[in-house]
Amino acid sequence: MTSTEYRARAEKLLTSRHPSDLSPSIVEQAAVWAQLATAAALTETAEQKTEETR
């Protein structure tokens, strides 16, 4: 998955519910997707830089 796809999953968890429905479990799940988005973005950037130096 790309960083954009991971981010979309995190956003969907947080925006598809009424604020009072945001349980700690939902927030934790969104945090995991956000962490995966960050890791994917770092990987994508590193791969991009590697390709540029070839």
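Summarising the geometry of Arg7 relative to Ala37, their closest heavy-atom pair is N-CB, 3.7 Å, with the distance given to 0.1 Å. Shown here for Ala40 and Met1, the closest heavy-atom pair between the two residues is CB-O, 4.4 Å. A pairwise comparison of heavy atoms in Ser3 and Ala41 identifies CB-N, 3.6 Å as the closest pair. The minimum heavy-atom distance between Leu22 and Ile26, with the atom names listed, is CD2-CG2, 3.9 Å.
The CD atom of Glu47 sits 7.5 Å away from the CD atom of Glu44 when rounded to the nearest 0.5 Å. Rounded to the nearest 0.5 angstrom, Trp33 CH2 and Lys12 NZ are separated by 11.0 Å. A distance of 13.0 Å separates OG1 in Thr4 from CZ in Arg9, rounded to the nearest 0.5 Å.
With hydrogens and angles ignored, the 3.5 Å screen pairs a side-chain donor or acceptor of Glu5 with a backbone N or O of Thr2.
The hydrophobic cluster containing Val27 also contains Leu36, counting ILVMFWY residues as joined when their side-chain heavy atoms lie under 4.5 angstrom apart, directly or transitively.
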